[in-house]
Protein chains: 2
Amino acid sequence: MGATKTANFTDNQNAIATLAKALGHPARVAIIEYLMKVDTCICGDIVNELPLAQPTVSQHLKELKNAGLIKGSIEGTSICYCIDEKAIEQLQHYFAIITNNLTNKKNNCC
Amino acid sequence: MGATKTANFTDNQNAIATLAKALGHPARVAIIEYLMKVDTCICGDIVNELPLAQPTVSQHLKELKNAGLIKGSIEGTSICYCIDEKAIEQLQHYFAIITNNLTNKKNNCC
DNA sequence: TTTTAATATTGCAATATTAAAATATAAAAT
DNA sequence: ATTTTATATTTTAATATTGCAATATTAAAA
């Protein structure tokens, strides 16, 4: 097939998967790290930071935006992209829950 | 193309992307949540928990294992799968760094 | 040693992703 | 008005993923 059976999972499972998937490419991780690093968020030079062509970077940015990891607004010829903190916090919180749950159980059988 | 230019990114970027990618499918998120939920980790019944055929589940487990998110050891006919806590902690820590970095900067321009 | 039960592997069709060249758009600068 | 600059979109090609049927493996049970 190739099409994910999205409907068969919970909304939260799909939400986490969507966020994780968006970070499932080193270029998009690199973009997030660059957005974190720069003070200003007029980010026209992301292309120069990455070993990828401009259309490819643009596409990666689109995916990050679709997934809700970054937000952006138009500023003349350049676009202002920022990390959407809520999404990162959502991920952090999710993994914190798992970590807590595991340390409580201490089932080190593997 | 379609092949990711892995070599052009840092080891850490690739590591995070690998972990994130493995969680980039709701079935694999569901598997992690199931492993978290059960006390014992003799998890032969993951297949019954998911709306997917056994080979598909097996494949998803393999991907989680390759990415280092779960570990498993053979126990007779059944396999003992567990979450690899280190991987989850690595993710949590990574997102914590980003969150901290952002709240320090307070660049709410988007 | 055959059966059974649990899991893995293989092969393949359907679909998705990745990358970039070519092209488009749209605002700022000349 | 034309050029430049920055970004997006479209198209095309290569590759990867998803899902499952069929089959294989493996070890315990009968």
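Letters go in sequence order (proteins before strands), and every chain restarts at 1.
Note: CD1 (A:Ile31) to P (D:dT7) measures 12 Å, nearest angstrom. The interatomic distance linking B:Lys62 (NZ) with C:dT9 (C1') rounds to 7 Å, in whole Å. D:dT17 atom P lies 12 Å from atom NE2 of B:His60, rounded to whole Å. The distance from atom CG of A:Leu52 to atom P of C:dA21 is 12 Å, rounded to the nearest whole Å. At whole-Å resolution of the value, NE2 in B:His25 and P in D:dA16 are 18 Å apart. In this entry the distance linking CD1 of B:Ile46 with P of C:dA8 reads 9 Å, nearest Å. The CD-C1' distance, from B:Glu63 to C:dA16, rounds to 14 Å in whole Å. B:Asn8 has its CG atom 9 Å from the P atom of C:dA19, to the nearest Å.
Remark: the A:Gln54 side chain and the D:dA8 base include a donor-acceptor N/O pair separated by less than 3.5 Å.
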| Stepwise side chain to side chain contact (heavy atoms under 4.5 Å, CB included) test for A:Tyr34 and A:Asp45 | CA-CA 10 Å; A:Tyr34 179 72; A:Asp45 34 16; 3.0 Å; yes

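The backbone N or O of B:Gln54 sits nowhere less than 3.5 Å from a side-chain atom of B:Ser58 that would complete a donor-acceptor pair. Side-chain atoms of B:Thr56 never come within 3.5 Å of backbone atoms of B:Leu52 as a donor-acceptor pair (strictly under, hydrogens ignored).
Ring geometry for A:His60 against A:His25 counts as tilted: the plane angle lies between 30° and 60°, on a 0 to 90° scale.
Using a 4.0 Å cut-off, no side-chain N or O of B:Thr56 falls inside it from OP1 or OP2 of D:dT18. Checking the phosphate oxygens (OP1, OP2) of D:dA8, a side-chain nitrogen or oxygen of A:Ser58 falls inside 4.0 Å. Using a 4.0 Å cut-off, some side-chain N or O of A:Lys21 falls inside it from OP1 or OP2 of C:dT17.
Closest approach to the A:Gln59 side chain among D:dA8, C:dA20, C:dA8 is made by C:dA20 (side chain taken as heavy atoms from C-beta onward). Comparing C:dA8, D:dT9, C:dT18 against the side chain of B:Tyr81 picks out C:dA8 as the nearest. Comparing C:dA20, D:dA8, C:dA8 by their nearest atom to the side chain of A:Ile79 picks out D:dA8.
Under the side-chain contact (heavy atoms from CB on, under 4.5 Å) criterion, B:Ala87 pairs with B:Leu19, B:Leu69, not counting sequence neighbours.
For B:Asp11, the CG atom sits in a loose shell: 12 or fewer heavy atoms of surrounding residues, nucleotides or ligands are nearer than 6.0 Å.
Screening residues 61-71 of chain A for side chain to side chain donor-acceptor pair (under 3.5 Å), with sequence neighbours left out, gives A:Arg28-A:Glu63.
DNA chain D contains the following stems of three or more consecutive Watson-Crick or G-U pairs, with both distances under 3.5 Å: C:1-30 with D:1-30.
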